[in-house]
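Computed from a predicted model, the values in this text were never measured in an experiment. Hydrogens, waters and symmetry mates are skipped; everything else that's a heavy atom, side chains included, is used.
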Amino acid sequence: MAERTVDSAAPARGAARPVVQAEAALVRHYRRLVRLAYVALPADRDRHSRVLAAHTAVQRALPSRWTRRSDPATGGEDPVYAALRLRVLRDGLSPRPARRLLAPRVWGLRLFTPHGGEQDAALEQALAALDAPARAAFALRVVEGLTAPEAAEVLRQAGVEQVERALDAAAGIGAAAEPDLSAFDPCAVRVQPTDLLGRRRTLTAVLLVGVLGLTTSAAVLTGTATTTGSGTGPVASTTGPAPAPPVGAAADPARPVRVPADLWQHTARLDFTAWPARGDRREDAALLGRATTAWERPGPQTRAEPGTDTAPPIAPPRLLYAGTVDGAAVVLLYDGQRLARYTDGRDGGLDLARADDSDVTTAGAVVLRRRGTSVRYLLAPWVEAAETRRIDRPDTPAQPLEHPDGLTPATPGGVLTDCRGATVLQLRSSPVVAEKHAFLLADLGGLVPAHLTYTPPPDRNQPARSPREATGPDALQAWARAGCAAPDGTPGVKQLNLWAFAVQPLPQNAGSASWVCLRADRWTGEGSAATAVLLPAAQAPQRTGGGPGRSCSRFEQDTVGWAWWRSPQGTEFLLAAGSRRVTRLTVKGPDWSADRPVPDHTLAVERPARANVQVEGVLDGGTRIGPQR
């Protein structure tokens, strides 16, 4: 009888087969392996594709046969897990991965890893700049926690030739710092639908093709039977209807979500979600692909307004515009929270701005192109008429502004806060939205113009008034005089309100002064306010105080302001004023004080010289408040 040789690598009787052990290890460490694959995979695709590719790489790591010829484990690691990890890395490092017939498929949904902060976005950007070996080195050091020698050994086994260079590149982006990788977990994904309307149209097309195919097949079979009976033989055709596009075609990065052109006429939600796709290049797949890729992988040409996250889109972006503006290709996208304006070319890039919680006014226009002090706007589809007007010329009629397909010609801009007269937009909504509704928008240098509103002086017999559109004669006059005292005129301001909280008769029959409080609210929820007094014949408002907070908002409606004023006769006065609930004003200076009830909410105290003073207001309930400083 011939002697039998025993393979030392074969499992003992009763022990689990190696492939079963490998499957158990893969299931036990699945999340760890998928995160490793996600970090190590190339960053040349969107997050949805990377999530699926990471799961595919791990699931492919389990072959039908398990032949582990060497032990790739480091330290006290499980050799089975170490072998799986090596297969995952080799898959990610391969320039031509094998066909993935069993890759996971997701129809009708888009998957996204958890939304991280600015640190995660910076790490994503840094990883995108690394080659495959360096990303694998980073994954081994940070995700796996291996030491440099251990990571070097695994990289050599995976086929990396320049191991030290890969480790040095990984260390250059802070591999030793162990950053938070919670936003790089493909097992904790967020789910968003793809283009529902597009899928519905595709499904309809598939059903029509199916019905047509069945009808054609029945006709062919009938014709075959008839012809065979006559003895002449069948005449068959090998051609059939063209295959229908896949249901998931709407998830193509070069095909952002689009809404019907008339959606704004049928929805009660009038914001950027109701904007249709416009522009002469909205079918340019290459341009749209570059725009979506620029947002998925923020780079050096990504610019964000203050308080705006630079992370990839949190939902499938909606296409609002794609066209050529002044010789440059421009794409405008929206993910439900932010606007992204992509400008093609070397001098272009991606500009991001907050635009969440917008409405019929704050979503009324977007700056598509800026050249010097001129801007070109894309107006909302519900804007029926557009005009421009100089903020410092309230009595000058507004000038009509053409806007074919929503795009305006180059329009003068100007900084609202420099007191030299900015040009603002005056827009009127379609009667479908609101009857006789006009509003003002001011360009502050960002993507979204600020909405200008006006709160008229109080009526002591009526409740506090709410802000209204700044298009009336009184509002235009107030903004013409006080606009440049606004506390914030930078990109990211959502709304600017001017509140005239008191009118004061001046001593010595010098006319009257208006006290105003200007409030700037940003898209981030932050805000600031400033008080100012408008004196007769003054060329600019005299700003009396201000600062961050919620002063002069609906959450803090009580305010006090004061200023020094010299009358035409040369007499020095201290002027003070309070809002409608201020019943008493107190002034304290060196060696003197004044404490008086103020039925008209204003106070004027004659003094021989200016000095440091303290001013307080007493509300009708006894609470004391001070001026903004």
Taking the side chain as every heavy atom from C-beta outward, state whether Cys484 and Pro541 have any atom pair closer than 4.5 Å. yes
Donor-acceptor check, side chain of Thr267 to backbone of Trp264, threshold 3.5 angstrom: yes or no? no
Tell me whether the count of non-hydrogen atoms from other residues, nucleotides or ligands lying under 6.0 Å of CD in Gln569 goes above 12. yes
Give a yes or no on whether the backbone of Val360 and the side-chain of Thr362 come within a donor-acceptor separation of less than 3.5 Å. no
Thr602 and Leu575, any side-chain heavy atoms less than 4.5 Å apart: no
Side chains of Asn497 and Thr455: is there a donor and an acceptor less than 3.5 Å apart? yes
Is the shortest distance from a Lys or Arg side-chain nitrogen in Glu572 or Arg610 to a carboxylate oxygen in the other one below 4.0 Å? yes
Parallel, tilted or perpendicular, judged at 30° and 60°: which one describes the rings of Phe272 and Tyr334? tilted
Do the side chains of Leu574 and Val587 get nearer than 4.5 Å, heavy atoms only? yes
Pairs involving residues 612-621, ordered by first then second residue, that meet side-chain hydrogen bond (donor to acceptor under 3.5 Å, both in side chains) (sequence neighbours left out): Arg581-Asp620, Glu616-Arg624
Out of the candidates Ile391, Leu441, Leu425, only one should pair with Leu452 under the side chain to side chain contact (heavy atoms under 4.5 Å, CB included) rule; please name it. Ile391
Under 3.5 Å: donor-acceptor pair, side chain of Lys588, backbone of Asp595: no
Mind listing the closest non-hydrogen atom pair of Ala502 and Gly578 along with its distance? CB-O, 3.8 Å
Using a strict 4.0 Å threshold on nitrogen-to-oxygen distance, state whether Asp488 and Arg522 make a salt bridge. yes
I want to check something: taking the side chain as every heavy atom from C-beta on, are Pro457 and Arg580 in contact at a cut-off of under 4.5 Å? no
The side chain to side chain contact (heavy atoms under 4.5 Å, CB included) partner of Trp479 among Leu416, Thr453, Val516, Val424 is Leu416
Could you go through Asp271 and Arg269, starting from their C-alpha distance and side-chain angles, then the distance that decides it, and tell me whether this counts as salt bridge (charged side-chain N to carboxylate O under 4.0 Å, His left out)? CA-CA 6 Å; Asp271 56 14; Arg269 179 180 175 180; 2.7 Å; yes
Arg370 side-chain N/O to Leu447 backbone N/O, donor-acceptor pair under 3.5 Å: no
Do Thr559 and Phe501 come close enough that some side-chain heavy atom pair is under 4.5 Å? yes
Test salt bridge (charged side-chain N to carboxylate O under 4.0 Å, His left out) on Asp335 and Arg318 and set out the steps. CA-CA 6 Å; Asp335 72 345; Arg318 296 170 180 260; over 6 Å; no
Scan side-chain atoms only and decide if Thr531 and Thr544 contain a donor-acceptor pair under the 3.5 Å cut-off. yes
Can you tell whether the side chains of Asp356 and Arg338 come within less than 4.0 Å, N to carboxylate O? no
Have Gln399 and Thr388 got a donor and an acceptor in their side chains that come within less than 3.5 Å? no
Would you say Gln477 and Asp395 are linked by a side-chain donor-acceptor pair, where the criterion is simply a distance under 3.5 Å? yes
Looking only at side-chain N and O atoms, does Thr571 offer a donor or acceptor that is under 3.5 Å from a partner on Gln508? yes
Under a 3.5 Å distance rule, please check whether Arg341 uses its side chain to pair with a backbone N or O of Val367 as donor and acceptor. yes
Which label fits Trp275 and Trp382: parallel for a plane angle under 30°, tilted from 30 to 60°, or perpendicular past 60°? perpendicular
Counting distance only, does the side-chain N/O of Arg389 pair as donor-acceptor with the main-chain N or O of Pro394 below 3.5 Å? yes
Would the distance check show the side chain of Arg519 and the main-chain N or O of Ala486 forming a donor-acceptor pair, the cut-off being under 3.5 Å? no
Val582 and Asp558, any side-chain heavy atoms less than 4.5 Å apart: no
Do Thr408 and Leu379 touch side chain to side chain, with heavy atoms closer than 4.5 Å? yes
Would a 4.5 Å heavy-atom cut-off, applied to side chains only, mark Thr471 and Leu440 as touching? yes
If only atom types and distance count, is the side chain of Thr583 paired as donor or acceptor with the main-chain N or O of Val618 below 3.5 Å? yes
Just checking, any donor-acceptor pair under 3.5 angstrom between side chains of His601 and Gln504? no
Looking at Arg282 and Gly279, would you say the former's side chain and the latter's main chain have a donor-acceptor pair under 3.5 Å? yes
Minimum heavy-atom distance between Gly345 and Gln301, given as atom pair plus value: O-NE2, 4.4 Å
Not counting sequence neighbours, which residues clear side chain to side chain donor-acceptor pair (under 3.5 Å) with Asp262? List them please. His266
